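From a predicted model like this one, the values you see are computed outputs, not experimental measurements. We count ligands from 1, going down the list as the structure has it; atoms in each ligand are counted the same way. All heavy atoms count here, side chains included; hydrogens, waters and symmetry mates do not.
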Amino acid sequence: MKRIPFQDLKHTNSEDMEAYVEAATDVLRSGRYLHGERVRRFESLLAESCGARHCIAVSNGLDALRLIFSAYITLGRLKKGDEVIIPANTFIATFLAVTSCGLNAVACDVSEKDFCIDFSRIPLTPCTRAIVPVHLYGNPCWNREFFDMAREKGILVVEDNAQAIGAESAEEGFHGSFLTGHLGDAAAISFYPAKNIGAFGDAGAVLTDDDELASTVRMLSNYGSREKYVHEAAGFNCRMDELQAALLTLKLEKMDAVNLRRRQCAALYDSLIQNPGIVKPRIYPDRRQVWHQYVVRTDRRDRLRSFLEEKGVATEIHYPVPCHLQNCYRGSDSLIVPSPLPEAERLAGEILSLPIANVSDEEIRYIADIINEF
Ligand SMILES: *Cc1c(COP(=O)(O)O)cnc(C)c1O
């Protein structure tokens with residue numbers, strides 16, 4: 001029987017393995033493992049490819065988000081207890097970043113159209129100080145009218161761009177750009193190995209056009225220090241290694257090709273899956289989606305999942321439990337759920353992610369045939 005893994009990182013990275021080994025060897029022999037030219041070079045390349053003025057390479061995506069919120073607190077632009085609106089259907093890191101900084105997370109419902117925040121039901125209150133649009137599954141989440149209104153009220157917009165590097169929204173962001181990571185006030189990126197651009201371990205980045213925010217994030221990421229042994233804030237150690245920077249530089253050069261292939265896979269799934277009981281994800285002709293996940297929906301999700309499993313196809317669920325229902329927030333004062341979140345809860349029971357990283361056209365045909373037979 002054919003076996004199609006959900007994602008095989010060995011396969012993902014095999015293509016350019018010689019170049020990776022060569023780059024890694026250079027770093028190992030260089031004697032320079034932190035604070036070097038490879039990190040600086042990677043930062044300028046990433047800033048350029050996302051159109052942002054500043055890029056700070058950091059340890060992972062969660063730390064990237066945490067550093068943004070901590071920097072806003074350090075700068076006095078946010079304070080403990082302020083409310084931050086977050087879509088309930090996201091990876092837990094989005095919530096943890098906010099609550100670990102002493103801010104309150106306000107869970108918001110999502111839309112079944114693109115799985116992102118539902119702009120018609122954002123629970124804005126006079127206490128709202130920030131909103132986190134999450135570009136879930138590689139879907140740019142941006143609504144110019146809404147965010148312009150939020151900005152006029154002094155609400156900060158922090159993009160969680162962990163899943164959508166290289167995506168483009170249909171509507172312009174604050175800086176005249178359409179690229180995710182450069183739409184709002186600041187953005188966090190993750191290079192977790194399974195992301196579209198994945199490191200060989202953990203890595204992340206902060207992007208912003210705000211000079212003051214950028215220098216504060218950099219200071220906080222390095223023990224709250226701008227000058228050796230002078231600590232102006234109680235910071236962290238959240239730096240990116242030279243090793244990851246060298247390897248990620250090679251990967252970043254191939255970002256467009258990687259994202260293009262994912263778009264081709266999504267288009268092929270879309271044309272081949274023809275089962276009226278399965279809802280396919282929308283392809284938006286006016287957005288550039290980067291398909292971190294290809295997520296179908298059905299009210300018989302668990303049966304579809306076993307059916308595929310029996311035929312050798314591995315699938316995943318992103319995410320089976322919405323963040324506001326996770327145990328870590330049971331009885332917590334830092335999570336606010338102002339109203340029921342029916343869509344987020346319903347979707348969690350219907351969504352199924354199909355393999356999209358490194359699948360061949362033939363494998364997509366095989367998977368689509370099984371789904372049509374279901
Ligand atoms: C992966 C991810 C993160 C966290 O990134 P790490 O690098 O794993 O810390 C945050 N938000 C979302 C939406 C993610 O998918």
Side-chain angles (χ1 to χ4, degrees), residues 6-7 9 12 42 46 55-70 84-101 103 105 107-108 110 114-117 130-142 157-167 180-181 183-184 186-207 217 221 236-241 244-245 247-248 251-252 259 262 289-295 316-324 326 328 344 347-348 351 353 356-357:
F6 184 71
Q7 179 166 20
L9 290 172
T12 303
F42 175 67
L46 182 58
C55 171
I56 301 98
V58 301
S59 34
N60 56 62
L62 171 61
D63 285 347
L65 284 163
R66 280 186 343 130
L67 284 162
I68 293 170
F69 290 110
S70 303
V84 180
I85 294 177
I86 310 173
N89 182 15
T90 178
F91 182 55
I92 194 74
T94 325
F95 277 75
L96 292 178
V98 166
T99 55
S100 70
C101 289
L103 302 165
C108 171
V110 296
D114 63 359
F115 305 103
C116 292
I117 221 166
I131 299 183
V132 187
V134 179
H135 307 302
L136 200 71
Y137 310 150
N139 248 329
C141 168
W142 195 254
V157 180
V158 177
E159 300 171 69
D160 181 336
N161 196 29
Q163 301 191 0
I165 187 169
T180 60
L183 297 168
I189 296 186
S190 164
F191 300 106
Y192 176 76
K195 299 284 156 77
N196 289 22
I197 302 293
F200 294 76
D202 277 316
V206 172
L207 295 168
V217 164
S221 72
F236 316 97
N237 175 354
C238 301
R239 303 172 301 223
M240 185 188 286
D241 296 333
Q244 297 302 342
L247 296 167
L248 282 170
K251 290 222 167 176
L252 200 56
N259 286 341
R262 284 181 183 252
Q289 296 158 275
V290 296
W291 300 98
H292 176 57
Q293 303 299 350
Y294 186 87
V295 178
E316 290 286 346
I317 299 168
H318 300 99
Y319 298 93
V321 179
C323 295
H324 66 289
Q326 291 285 355
C328 59
L347 290 175
I351 49 181
S353 306
I356 192 158

Identify, for [atom], the protein heavy atom at the shortest distance, and state residue, atom and that distance.
atom	value
atom 15 (O) of ligand 1	Gln163 NE2, 2.8 Å
atom 9 (O) of ligand 1	Leu62 N, 2.9 Å
atom 11 (N) of ligand 1	Asp160 OD2, 2.8 Å
atom 1 (C) of ligand 1	Lys195 NZ, 1.6 Å

Open item on the list: I'd like to know if the side chain of Thr94 reaches the main chain of Thr90, judged simply by a donor and an acceptor atom lying under 3.5 Å from each other, with no hydrogens or angles considered.
Closed with: no
Contact check: [X] vs ligand 1, nitrogen or oxygen atoms, below 3.5 angstrom:
X	answer
Tyr192	no
Phe91	no
Asp202	no
Gly61	yes

TODO: Find out whether Gln326 and Ile92 are in side-chain contact, i.e. whether some heavy atom of one side chain is under 4.5 Å from a heavy atom of the other.
DONE: yes
Task: Given Gln289, Glu159, Gln163, His292, the one that forms side-chain hydrogen bond (donor to acceptor under 3.5 Å, both in side chains) with His135 - done: Glu159
Open item on the list: Just to be sure I read this right, does ligand 1 sit under 4.0 Å from the backbone of Thr90, its side chain, both, or neither, counting only heavy atoms?
Closed with: side chain
Open item on the list: Quick check on Tyr192: does its OH atom have over 12 non-hydrogen neighbours (other residues, nucleotides or ligands) under 6.0 Å away?
Closed with: no
- [ ] Within a distance under 4.0 Å of any heavy atom of Asn60, pick out the atoms of ligand 1 and give their elements.
- [x] 7 (O), 9 (O)
- [ ] List every atom of ligand 1 that sits less than 4.0 Å from any heavy atom of Ala93, numbering the atoms from 1 in the order shown and giving each element.
- [x] 3 (C), 4 (C), 10 (C)
- [ ] Flag the pair Phe42 / Phe191 as yes when their ring centroid distance falls below 6.0 Å, and as no otherwise.
- [x] yes
